[in-house]
Structures are given as structure tokens and as C-alpha cells.
Amino acid sequence: MVTFKLSSIIRDVPNFPKPEILFKDITPLYADPGTLKECVDEMVNRFRDLKLDAIAGIEARGFLTGVLIAQALQLPFIPIRKAGKLPADKISTSYELEYGTASIEMHRDSTRPGMQVLIHDDVLATGGSALAAARLIKESGAQVAGFSFLVDLAFLGGTPKLEAFGKPVHSLISF
Ligand code: AMP
């Protein structure tokens with residue numbers, strides 16, 4: 001049911017941020033508190049039985065729904081940010097973009113060894129940023145418990161890459 005609503009609420013923006021890219025704009029979801037709550041409830045129910053200790057959200061849109069999931073499960077939220085944004089002692093990793101590389105960072109003290117962490121973002125495209133986030137979590141000594149997305153762009157093949165972790169990979173809707 002929520003999948004059906006989500007499919008009509010997500011806006012396709014062709015040629016953004018560059019030609020040939022069909023951008024899945026989820027900002028209309030943030031303007032619809034009822035559907036947003038249904039989406040969060042659905043994600044929370046999906047992961048309620050996993051033994052989780054924290055939710056890690058990837059900057060920037062992964063923060064918006066990630067905090068809501070963490071709050072609903074009464075778990076800590078871990079921000080995974082673009083390089084240069086986090087103020088305290090941190091660990092970082094780089095990953096390949098279509099052109100060039102990007103770096104993301106996490107505060108060193110945001111996990112404890114063995115902690116089970118769910119990684120969350122709005123859209124799963126190639127899986128590069130989620131894989132990089134998983135590397136950070138593992139480097140910190142914590143464990144990746146699974147991956148959660150609102151949208152999977154299935155034709156880009158991210159899900160099979162993440163399934164190699166042997167942990168649940170869940171998206172509310174797949175295109
Ligand atoms: P990736 O690392 O390739 O999985 O890219 C994931 C990140 O890029 C996510 O944080 C998305 O927000 C964003 N992204 C990539 N492609 C799209 C797209 N077609 N529509 C919306 N967001 C996208």
C-alpha cells in the first residue's frame with residue numbers, strides 16, 4: 001500500500017544533475033507527513049526483529065529518514081558525512097564516482113566494538129556510497145546489520161553488491 005503511494009509521490013526529474021540522468025526526487029514525500037510516517041513505520045517494522053544497536057544515515061537525505069527510523073526504534077543515530085564536515089576525531093574512506101572520487105567520514109566514537117548498525121539512505125543507485133559506509137562501520141569495529149533504502153534503482157545493480165555482505169538489503173520501492 002505504502003509502495004503504491006510512494007510510486008505516485010516520487011517525482012521524476014529528467015536530466016538532473018546532468019544530461020541522461022533521471023533523478024528520483026523524494027522531496028514531495030517530506031511535504032506529506034502521513035505518507036512519510038507510513039514509510040518510516042514500514043521500514044521500522046521490517047527491521048524491528050533485527051538486533052540493532054544504531055542506525056547510520058548517509059548525508060544528506062539519509063539523515064532525514066534515518067533519524068526518524070532511529071527515533072522510532074529508540075536507537076542512536078550515526079551521521080556519515082561528506083569529508084570535512086564532522087568536527088571531532090573521525091575515520092574516513094574514499095570511493096569511486098562516475099568521474100573522480102568522493103570521501104565520507106564518521107566520528108570515531110560513534111560506535112562501540114561489535115555494535116550492530118543498520119545503514120540507511122534515501123536512494124540506492126550503484127551502491128558505491130552504501131558500500132563505503134559499510135567499510136567505515138567495519139573499520140570502526142562495529143558490524144553491518146543490514147541496509148535500508150526508500151528507493152532502489154534496480155537497473156544500476158546496487159542490491160546484489162550489498163547482498164554480498166550476507167545481510168538484509170531492503171528498499172520500500174524498486175524501479
Ligand atoms: P550510489 O552511491 O551510486 O548508490 O548513489 C547513491 C546516492 O546518490 C544516494 O545518496 C542518492 O541520493 C543519490 N542518487 C544517485 N542516483 C540518483 C537518482 N537517479 N535519483 C536520486 N538520487 C540519486
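Sequence positions, counted from 1, serve as the residue numbers for this chain. The shown structure was predicted, so the numbers you read here are calculated from the model rather than taken from an experiment. Indexing begins at 1, ligand by ligand and atom by atom, following the structure's order.
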(message) What's the separation between atom CD1 in I26 and atom OG1 in T65, rounded to the nearest 0.5 Å?
(response) 6.0 Å

(message) Considering non-hydrogen atoms of the protein only, which is the closest contact for atom 19 (N) of ligand 1, and what is the distance?
(response) L22 O, 3.0 Å

(message) More than 12 heavy atoms of other residues, nucleotides or ligands under 6.0 Å from NZ of K138: yes or no?
(response) no

(message) Return the CD1 to CG distance between I55 and L118, rounded to the nearest 0.5 Å.
(response) 4.5 Å

(request) Identify which of S129, A125, A132 has a heavy atom lying nearest to atom 16 (N) of ligand 1. (result) A125

(request) List the closest protein heavy-atom neighbour of atom 10 (O) of ligand 1: residue, atom name, distance to the nearest 0.1 Å. (result) D121 OD2, 2.8 Å

(message) Against ligand 1, does G127 come closer than 4.0 Å with any heavy atom?
(response) yes

(message) Using heavy atoms and a 4.0 Å limit, tell me yes or no: is I58 in contact with ligand 1?
(response) no

(request) Locate the shortest heavy-atom distance separating I137 from A56; write the atom from each residue and the value. (result) CD1-CB, 4.1 Å

(request) Kindly indicate whether a cation-pi arrangement holds for K24 with F175, taking the cut-offs as under 6.0 Å to the six-membered ring centre and within 45° of the axis. (result) yes

(request) Under the side chain to side chain contact (heavy atoms under 4.5 Å, CB included) rule, what do R81 and F63 come out as? Steps first, then yes or no, please. (result) CA-CA 9 Å; R81 299 211 62 180; F63 290 1; 3.7 Å; yes

(request) Classify the contact between D25 and ligand 1 as side chain, backbone, both or neither, using a heavy-atom distance cut-off of under 4.0 Å. (result) neither

(message) Out of all atoms in ligand 1, which are within 4.0 Å of some heavy atom of D122? Include the element for each.
(response) 9 (C), 10 (O), 11 (C), 12 (O)

(message) Would Y95 count as a polar contact of ligand 1, with the cut-off being nitrogen or oxygen pairs under 3.5 Å?
(response) no

(request) Starting from atom 20 (N) of ligand 1, locate the nearest protein heavy atom and write down its residue, its atom name and how far away it is, to 0.1 Å. (result) K24 N, 2.9 Å

(message) Main chain of L86, side chain of K90: is a donor-acceptor contact present, judged purely on distance under 3.5 Å?
(response) yes

(request) Would you mind checking which non-hydrogen protein atom is closest to atom 22 (N) of ligand 1, with the distance to 0.1 Å? (result) F23 CE1, 3.4 Å

(message) Could you identify the single nearest non-hydrogen protein atom to atom 12 (O) of ligand 1 and state the distance to 0.1 Å?
(response) R61 NH2, 2.5 Å

